[in-house]
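What follows is a single structure, written as structure tokens, with notes after it.
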Amino acid sequence: MKTKEIIQRKHFISVSRFTLASIFILIALSVKAQDNIATKLGYAADAKLLIIHADDLGVSHSENMASIEAIENGSVNSASVMMPTPWVLEVANYAKKNATTHDFGLHLVLSSEWKNYRWGPVSSIEKVPSLINEFGYFHEGCIPTLNLDEVAIELKAQIDRAYSMGLEPTHLDSHMGCLFQSEELLEVYFKMGKLYKLPVLATKQAVPEELLKKYDLPILLDEVLTIRPEEYLKGPEDYYINAIKNLKPGLSTFLIHTAYDNDEMKGMNIDHPDWGNEWRQKDFDFFTSDTCKNTLKEENIILVTWRQIKDAFYSK
């Protein structure tokens, strides 16, 4: 064999070994990160950990009562509260009575999506003009060009109101995902988590590398599962059963909406069938069913809460 060919072959072998070594290191790091979550919570490294999380508490009496029922007698084990909404005091009082056992976070709000049923900021409207429309309500949808200082003022006001009501949140997340529209908004969100020493809902895929390094987030979800309109039309029960059966090792969450299909919710959800009164009733029906409980058991799914995560990773 010619000298040049020998050198090329040795170089190829060297590069291949380096590539394989790099792959093994990445795999090891991935497993280590997973181990940090599962084993830190006292479970096996390959455990399938799941948070079944009800959004939008405070939005209506129906939403509160159905969600509490789903927590007390169903499989829902976590929820988040919208501080600007009309029925927030009811759920805050319930959370205060169950301060050491139940898992309530804050669903940070920058939008108000219903047709005839709206809410505005917790802070003074004079302080956050970019966040509101001409009537003083939040904008109907997520707006990516909000003033960042005003966003911080409003988010802090929402969190401070929770504490003033006696609700000690276990985590933070974002209504309609408005805080995930840009790196700048995401950074405000992470700053709130750091300021109040609270875990924030975010996935590994959604966090830019520079923000991950800057804020050193100890917990990132492997997967967020939430049913979309096209999947709902095919049947929510089939979607949820299939999602549970295909859950991967690591930390995942279901984001659901539980309410009763009654006159209150019908009035609130007028002309808005997606995530509306019928949708929320079906979420309630599945996550309070024996089918849900049995499927979780058959698939060896371990239900964990943001409270556990907060205590394990943020209580220093």
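Between His107 and Ser174, the closest side-chain pair of non-hydrogen atoms is not below 4.5 Å. Side-chain atoms of Glu72 and Ile68, non-hydrogen and from C-beta on, do get closer than 4.5 Å to each other. Side-chain contact between Ser111 and Glu140 is absent, with no heavy-atom pair separated by less than 4.5 Å. Using a 4.5 Å cut-off on side-chain heavy atoms (C-beta onward), His171 and Ser78 make contact. In this structure, the side chains of Asp55 and Ile256 stay at 4.5 Å or more apart for every pair of heavy atoms. Annotation: side chain of Thr288 is in contact with side chain of Phe284 (closest heavy-atom distance under 4.5 Å). Considering only heavy atoms from C-beta on, Val304 stays 4.5 Å or farther from Ile37 through its side chain. Using a 4.5 Å heavy-atom threshold, the side chains of Phe254 and Ile244 count as touching.
The OG atom of Ser67 sits 8.0 Å away from the CZ atom of Phe104 when rounded to the nearest 0.5 Å. Note: Ser80 OG to Leu108 CG = 8.5 Å, rounded to the nearest 0.5 Å. Summarising the geometry, atom NZ belonging to Lys293 is positioned 7.0 Å from atom CG belonging to Asn73; distances are rounded to the nearest 0.5 Å. In this structure, CG in Leu186 is found 3.5 Å from CZ in Phe190, a value given to the nearest 0.5 Å. Taken to the nearest 0.5 Å, the NE2 atom of His53 stands 9.0 Å off from the CD1 atom of Ile71. For the atom pair CG (Leu110) and CG (Leu146), the distance works out to 6.0 Å, reported to the nearest 0.5 Å.
Between Trp279 and Tyr232, the angle of the ring planes stays under 30°, which puts this pair in the parallel group of the 30/60° scheme. Between Tyr240 and Phe287, the ring-plane angle classifies as perpendicular under the 30° and 60° cut-offs.
Of the possible donor and acceptor atoms, one in the side chain of Asn64 sits under 3.5 Å from a partner among the backbone N and O of Gly58. Side chain of Glu150 to backbone of Ser130: a donor-acceptor contact under 3.5 angstrom is found. Proximity of a side-chain donor or acceptor of Ser112 to a complementary backbone N or O of Trp119 within less than 3.5 Å is detected. Between the side chain of Ser60 and the backbone N or O of Glu63, at least one donor-acceptor pair lies under 3.5 Å. Gln158 contributes a side-chain N or O that, together with a main-chain N or O of Val109, makes up a donor-acceptor pair within less than 3.5 Å. Between the Glu231 side chain and the Arg228 main chain, a donor and an acceptor come within less than 3.5 Å of each other. Side chain of Tyr189 to main chain of Leu172: a donor-acceptor pair is present (N/O by atom type, distance under 3.5 Å, no hydrogens or angles). The backbone N or O of Ala79 lies less than 3.5 Å from no partner atom in the side chain of His102, so there is not a single donor-acceptor pair. At distances below 3.5 Å, at least one donor-acceptor pair connects side-chain atoms of Gln181 with backbone N or O atoms of Cys178. Although no hydrogens or angles enter the test, the distance criterion places a donor-acceptor pair under 3.5 Å between the side chain of Asp103 and the main chain of Trp306.
Both Leu201 and Tyr215 are part of a single hydrophobic cluster, where members link through side-chain heavy atoms under 4.5 Å apart. Hydrophobic clustering (ILVMFWY, side-chain heavy atoms < 4.5 Å, transitive): Leu255 and Met176 are in distinct clusters. Criterion: ILVMFWY side-chain heavy atoms under 4.5 Å apart, direct or through other members. Under it, Tyr137 and Tyr117 are not part of a common hydrophobic cluster. Linking Ile, Leu, Val, Met, Phe, Trp and Tyr residues whenever their side-chain heavy atoms come within less than 4.5 Å leaves Met268 and Ile270 in two separate clusters.
Side chain to side chain, Asn133 and His139 fail the donor-acceptor criterion of an N or O pair below 3.5 Å. Between the side chains of His175 and Glu113, at least one donor-acceptor pair of N or O atoms lies under 3.5 Å. With no hydrogens or angles considered, a side-chain donor-acceptor pair links Asn242 and Asn246 at under 3.5 Å. Side chains of Glu264 and His61: no donor on one and acceptor on the other come within 3.5 Å. For the 3.5 Å distance criterion, the side chains of Glu69 and Tyr260 fail to qualify, holding no donor opposite an acceptor. Side-chain N/O atoms of Thr258 and Asp283 include no donor and acceptor closer than 3.5 Å. Checking Asn77 against Thr305 by side-chain atom types alone, no donor-acceptor pair falls below 3.5 Å.
Considering all non-hydrogen atoms of both residues, Gly120 and Pro84 come closest at O-CB, 3.3 Å. Residues Met265 and Ser62 approach most closely at CG-OG, 3.2 Å, considering heavy atoms. Ile227 and Pro236 get closest at one heavy-atom pair: CD1-CA, 3.6 Å.
With respect to the salt-bridge test (charged N to carboxylate O, under 4.0 angstrom), the residues Lys156 and Asp160 qualify. Classification of Lys248 and Asp222 as a salt-bridged pair fails, no side-chain N sitting under 4.0 Å from a carboxylate O.
Checking each of Asp261, Asp56, Asp285, Asn269 against Arg280 for a side chain to side chain donor-acceptor pair (under 3.5 Å) leaves exactly one that passes, namely Asp56.
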#### Entry: Trace of the side-chain contact (heavy atoms from CB on, under 4.5 Å) decision for Leu212 with Leu220
CA-CA 10 Å; Leu212 183 58; Leu220 288 171; 3.5 Å; yes
#### Entry: Residues Leu155, Val188; criterion side-chain contact (heavy atoms from CB on, under 4.5 Å); working and verdict
CA-CA 9 Å; Leu155 297 188; Val188 177; 4.0 Å; yes
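Lys40 forms a cation-pi arrangement with Phe313, by the criterion of a distance under 6.0 Å to the ring centre and an angle within 45° of the ring axis.
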